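Presented below is the structure to which this report refers.
Reminder, nothing fancy here: chain letters follow the sequence lines and each chain counts from 1. The analysis underlying the following values was restricted to heavy atoms, covering all of them including side chains, and did not include hydrogens, waters or symmetry mates. Values in this document were obtained by computation on a predicted structure and should not be read as measured data.
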There are 2 protein chains.
Amino acid sequence: MTDTLYTIGQMCDEFEVTPRTLRFYEAKELLSPIREGQKRLFTKRDRARLKLILRGKRFGFSLEEIRQLLNLYHIGDQQVTQLARTHEVAQKHLGAMIAKRDELTLAISDLQDQLKWVEDVLANRQSKAAAE
Amino acid sequence: MTDTLYTIGQMCDEFEVTPRTLRFYEAKELLSPIREGQKRLFTKRDRARLKLILRGKRFGFSLEEIRQLLNLYHIGDQQVTQLARTHEVAQKHLGAMIAKRDELTLAISDLQDQLKWVEDVLANRQSKAAAE
DNA sequence: AAGAAAGTTTACGTAAACGTCAAGTGGTTA
DNA sequence: TAACCACTTGACGTTTACGTAAACTTTCTT
C-alpha cells in the first residue's frame with residue numbers, strides 16, 4: 001500500500017479546486033481526510049473519490065446523487081446486508097448514464113447537421129463573391 | 001407552415017414544467033412567446049427551443065450556456081457577418097460534447113465493472129448459504 | 001350573473017454549491 | 001523573534017434556477 005498523503009494545497013493544485021470546495025465536500029461527507037493535529041491529510045482513497053465527484057459533476061449529477069454513487073466504489077466499507085440495495089442503486093444510475101450517453105449521441109448528430117448547414121451557407125457566399 | 005399555437009398550460013403538460021419555469025425562461029430570453037392581449041402563446045419555434053433547453057439541462061449546461069447554443073439552431077435570425085463566429089462557437093461546443101460522451105462511455109464501463117464485483121459477492125454469499 | 005379556471009405581474013423565499021472575509025493556530029525561515 | 005507562510009474554523013454573501021404567495025384580469029361554465 002502506498003500511503004502517500006496530500007495537503008489541501010496539493011490537492012487544490014492537482015484538481016484545480018479551491019480549499020473551500022474540499023472542506024465543503026468533507027462537510028457533505030463526500031470526502032473524509034484524516035487529521036494531523038488541525039490539518040487535513042488526503043489519502044489515496046480521497047483522491048479516487050474526488051475524481052469521481054468531479055466526473056459526476058461534469059455530467060450534471062448533484063452532490064447528493066454523487067454521494068450515493070460513491071459508496072459503490074468502496075464496497076469494503078459496506079455491510080453485506082446493504083449490498084443488495086447498493087446493487088439496485090447502481091443499476092439505476094447505470095441506466096441513467098447509458099440513456100444520457102444515447103441522448104448525447106443524438107444531440108451531437110443534431111449539432112453536426114447544423115454545422116453542415118452553416119458551412120454550406122458560408123461556401124455559397126464564397127462562390128457568389130468569386131462570381132462577381 | 002403549421003401555425004399551431006399553445007397556451008402556457010398546454011406547454012406545461014407536454015413538457016412537464018411549471019408556468020413559473022416558462023416565464024422564467026422568457027425573462028432570460030430563452031423563449032419568446034407571442035402575446036394575445038396579456039396571454040402568452042407559444043409557437044413551434046418555442047417548442048423546438050424548449051426541447052433543446054431541457055436537453056441541455058440534462059447534460060449539466062447552465063441556462064446561459066444553453067442560451068448561446070440556442071442561436072445555432074435559428075440561423076435565420078443571424079447576420080451573415082456573424083455566421084463565421086457562430087460556426088466557431090458551434091465547433092467548440094461540438095468538441096466539448098464529444099469529449100463528454102467519450103468520458104461518459106468510460107464512466108459507464110467503470111460502473112459496469114463495479115457492478116460485476118457486487119454481483120460476484122452476492123453470488124458467493126448465496127452459494128455459501130446453500131452449502132450449510 | 002356568479003363563480004371557477006386559467007393566466008398575469010410583483011415580489012419575496014429557497015436550496016445547492018460554493019465565494020469571501022475575519023480571526024486565529026502552527027510551523028519555518030530570515 | 002518577527003514575519004510569513006499554509007492551514008484552520010466560523011459566518012455571512014452570492015449566483016443559479018426556480019418555488020410560492022398575493023392580488024388581479026380574462027375566459028369559460030353553469
By ring pair (Phe, Tyr, Trp, His ring centres under 6.0 Å), which residues pair with B/H87, not counting sequence neighbours?
none

In whole Å, I'd like the distance from the OH atom of A/Y25 to the C1' atom of C/dA16.
11 Å

Using a 4.0 Å heavy-atom cut-off, does B/K57 contact any base of the nucleic acid, only the sugar-phosphate backbone, or nothing at all?
sugar-phosphate

For residues 36-63 of chain B, which residue pairs qualify under ring pair (Phe, Tyr, Trp, His ring centres under 6.0 Å), counting only residues two or more places apart or in two chains?
none

Donor-acceptor side-chain pairing of B/D102 and B/T105 below 3.5 angstrom
no

Can you tell if the side chain of A/Y25 reaches within under 4.5 Å of the side chain of A/I66, non-hydrogen atoms only?
no

Would you mind telling me which residue lines up with the more 5' stretch of DNA chain D, A/R20 or A/L41, judged by nearest nucleotide?
A/L41

Taking side-chain hydrogen bond (donor to acceptor under 3.5 Å, both in side chains) as the definition, give me every residue that meets it alongside B/T7, ordered by chain and number, with sequence neighbours left out.
none

Please list all pairs meeting salt bridge (Lys or Arg N to Asp or Glu O under 4.0 Å) that have one or both residues in residues 64-73 of chain A, counting only residues at least two apart or in different chains.
A/E64-A/R67

All pairs passing salt bridge (Lys or Arg N to Asp or Glu O under 4.0 Å) where residues 86-100 of chain A contributes a residue, at least two apart:
A/R85-A/E88

side-chain hydrogen bond (donor to acceptor under 3.5 Å, both in side chains) against A/R58, all qualifying residues, sequence neighbours excluded:
B/E103

Within residues 7-19 of chain B, residues whose heavy atoms come under 4.0 Å of DNA chain D:
B/T18

So, using salt bridge (charged side-chain N to carboxylate O under 4.0 Å, His left out) as the criterion, who are the partners of A/D110 when residues are at least two apart?
B/R55

If I take atom CZ in residue B/F24 and atom P in nucleotide C/dT8, what distance separates them, rounded to the nearest angstrom?
17 Å

Under a 4.0 Å heavy-atom criterion, DNA chain D is touched by chain B from D/dA17 to D/dT27

For residues 30-38 of chain A, which side-chain N or O atoms pair as donor and acceptor with protein atoms under 3.5 Å away, sequence neighbours left out?
from, atom 1, to, atom 2, distance (Å)
A/R35, NH1, A/Q38, O, 2.9
A/R35, NH2, A/E26, OE2, 3.3

Atom CZ of B/R23 and atom P of C/dG7: how far apart are they, to the nearest Å?
8 Å

For A/E14, side-chain hydrogen bond (donor to acceptor under 3.5 Å, both in side chains) partners two or more places apart
A/R47

Distances for protein N or O near nucleotides 22-27 of chain C N or O, under 3.5 Å:
none

